[in-house]
Amino acid sequence: MPELPEIELLKKYVDATALNKKIVKVDFTSTSLLQSPKENFIQALKGKKIEKIERLGKYIFLKAGKNSWVVFHFGMTGKLEYYQSQEAPEYTHMTLSFEDNTHLSFVCRRKLGKIYLAGSLEEFIKDQDLGKDALDFTWNDFNELLQEKKGGLKATLTDQHSIAGIGNVYSDEILYQVGIHPKSKAEKLTEKDKKNLFEKMKEVLELAIEIGGKRSEFPSNYLIRHRKEGEDCPNCKGKVEKTSVSGRSTYFCPSCQKVKK
DNA sequence: CCCCATGTTGTAGG
DNA sequence: TCCTACAACATGGG
């Protein structure tokens with residue numbers, strides 16, 4: 001569930017379901033994802049109202065009382081589920097129960113997610129050294145960032161300390177949409193490349209949010225619809241290839257995307 | 001059994 | 001210091 005668009009949709013989901021509800025019970029099925037002692041979570045959350053929900057990058061923050069936030073990171077398979085029944089979903093790690101007998105569970109099959117406590121967003125951002133959210137970047141921010149980066153472009157796009165929110169799938173998509181090879185070096189981009197990249201970064205992420213993150217709803221000229229080795233490139237006669245960049249599986253079209261190095 | 005998967009982090013080396 | 005490669009984490013699916 002994990003990149004910026006999916007997390008933004010999850011944020012909206014929690015806004016629509018759990019906002020302003022009072023937490024009457026906090027349960028743990030496991031404590032292995034907790035970044036603070038279980039007791040601290042109970043103390044911070046029990047009896048409190050969920051006052052506000054925020055997202056930054058791939059994190060979701062729930063405000064429960066003054067200077068008290070619970071922060072979720074979803075790893076590859078995490079999500080939040082709101083429900084009324086008694087039974088928590090499979091792979092639930094933590095459940096908040098509300099006065100109206102509804103529940104919000106943090107569900108994470110592969111256990112790569114994390115749950116934190118924080119006094120403020122600012123403090124959390126500082127502790128984690130998180131970059132600015134991809135959707136909050138201005139052209140100036142983006143230009144400056146790429147100016148100071150020496151390494152691979154995809155590594156920078158997916159580095160949460162530089163730009164928060166972009167992951168493996170959307171970085172491939174953004175690079176495909178601007179016709180730049182994922183193995184390109186940030187320092188070799190022209191001003192025009194960078195401008196295009198900046199605009200497509202926003203466009204791709206915003207479109208993904210608009211269509212509810214459903215893969216089948218993306219335009220047919222999106223790589224995400226053809227994210228498989230040997231698929232036809234939707235823009236030319238080439239075939240989609242798979243390679244490894246920054247240690248991740250990377251899909252691209254070798255004739256539409258040329259390396260700048 | 002093999003490899004793959006929307007992520008992050010620690011380590012080793014250049 | 002900054003960058004890269006790679007293993008590790010954990011678990012289900014093909």
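Comparing B:dT9, B:dT6, C:dC3 by their closest approach to the side chain of A:Lys150 singles out C:dC3. In this structure, of C:dT11, B:dG7, B:dA5, it is B:dG7 that holds the atom nearest to the side chain of A:Arg248. Of all nucleotides listed (C:dG12, C:dT4, C:dA10), C:dG12 comes nearest to the side chain of A:Tyr91. Distance from the side chain of A:His73 is smallest for B:dT8 among the nucleotides C:dC9, B:dT9, B:dT8. The side chain of A:Met76 approaches B:dT6 more closely than any other nucleotide in the set C:dA10, B:dC4, B:dT6. If you check B:dT9, B:dT6, B:dA5 against the side chain of A:Lys114, the one that comes closest is B:dT9. Considering only side-chain atoms of A:Arg109, the nucleotide from B:dC4, C:dG12, B:dT6 that sits closest is C:dG12. Here the nucleotide nearest the side chain of A:Arg227, chosen from B:dA5, B:dT8, B:dT6, is B:dT6. For A:Glu3, the listed nucleotide lying nearest its side chain is B:dT6; candidates were C:dT4, B:dT9, B:dT6. Here C:dT11 is the nucleotide among B:dT6, B:dT8, C:dT11 with the atom lying nearest to any side-chain atom of A:Arg110.
With rounding to whole Å, A:Glu148 atom CD is found 9 Å from C:dC3 atom P. Atom CD of A:Gln35 is separated from atom P of B:dT9 by 10 Å (rounded to the nearest Å). Rounded to an integer number of Å, the gap from A:Asp172 CG to B:dA5 P is 11 Å. The nearest whole Å value for the distance from the CG atom in A:Leu145 to the C1' atom in C:dC2 is 14 Å. At whole-Å resolution of the value, CD1 in A:Ile224 and C1' in B:dT6 are 9 Å apart. Counting to the nearest Å, the C1' atom of C:dC2 and the NE2 atom of A:His161 are 14 Å from each other. B:dG7 atom C1' lies 16 Å from atom CG of A:Leu157, rounded to whole Å. Taking atom CZ of A:Phe72 as the reference point, atom P of B:dT8 lies 17 Å away to the nearest angstrom.
Backbone-only contact: A:Gly152 has heavy atoms under 4.0 Å from sugar-phosphate atoms and none from a base. If you check every strand for non-hydrogen atoms under 4.0 Å, A:Thr158 touches nothing. Using a 4.0 Å heavy-atom criterion, one finds that A:Gly247 contacts no nucleic acid atom at all. At the heavy-atom level, A:Tyr116 lies nowhere under 4.0 Å from the strands shown.
Both A:Tyr59 and A:Val169 sit near DNA chain B, but only A:Val169 has its closest nucleotide nearer the 5' end.
The side chain of A:Tyr251 places an N or O atom within less than 4.0 Å of a non-bridging phosphate oxygen (OP1 or OP2) of B:dA5. Note on A:Lys58: a side-chain N or O is less than 4.0 Å away from OP1 or OP2 of B:dG7. The shortest distance between the side-chain N/O atoms of A:Ser249 and the OP1/OP2 oxygens of B:dA5 is below 4.0 Å.
Each of A:Arg227, A:Arg248, A:Gln257, A:Gln177 was compared with A:Asp172 under the side chain to side chain contact (heavy atoms under 4.5 Å, CB included) criterion, and only A:Arg227 meets it.
Under the Watson-Crick or G-U wobble criterion, with both distances below 3.5 Å, B:dG7 is paired with C:dC9.
Relative orientation of the A:Phe142 and A:Phe137 rings is perpendicular, given thresholds of 30° and 60° on the angle between their planes.
The closest donor-acceptor contact from the side chain of A:Gln84 to the backbone of A:Thr102 lies at 3.5 Å or more, if one exists at all. A donor-acceptor pair under 3.5 Å is formed between the side chain of A:Tyr13 and the backbone N or O of A:Tyr82.
To the nearest whole angstrom, the two P atoms, one in B:dC3 and one in C:dC6, are 15 Å apart. Rounded to whole Å, the P atom of C:dA8 lies 15 Å from the corresponding atom of B:dC2. When the P atom is used for both C:dT1 and B:dT8, the distance is 23 Å, rounded to whole Å.
A salt bridge links A:Glu51 to A:Lys63: at least one charged side-chain nitrogen sits closer than 4.0 Å to a carboxylate oxygen.
Checking A:Thr156 against A:Asp159 by side-chain atom types alone, no donor-acceptor pair falls below 3.5 Å.
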Start with the C-alpha distance between A:Phe124 and A:Leu130, add both sets of side-chain angles, then the distance that settles side chain to side chain contact (heavy atoms under 4.5 Å, CB included), and finish with yes or no.
CA-CA 8 Å; A:Phe124 185 82; A:Leu130 276 182; 4.2 Å; yes
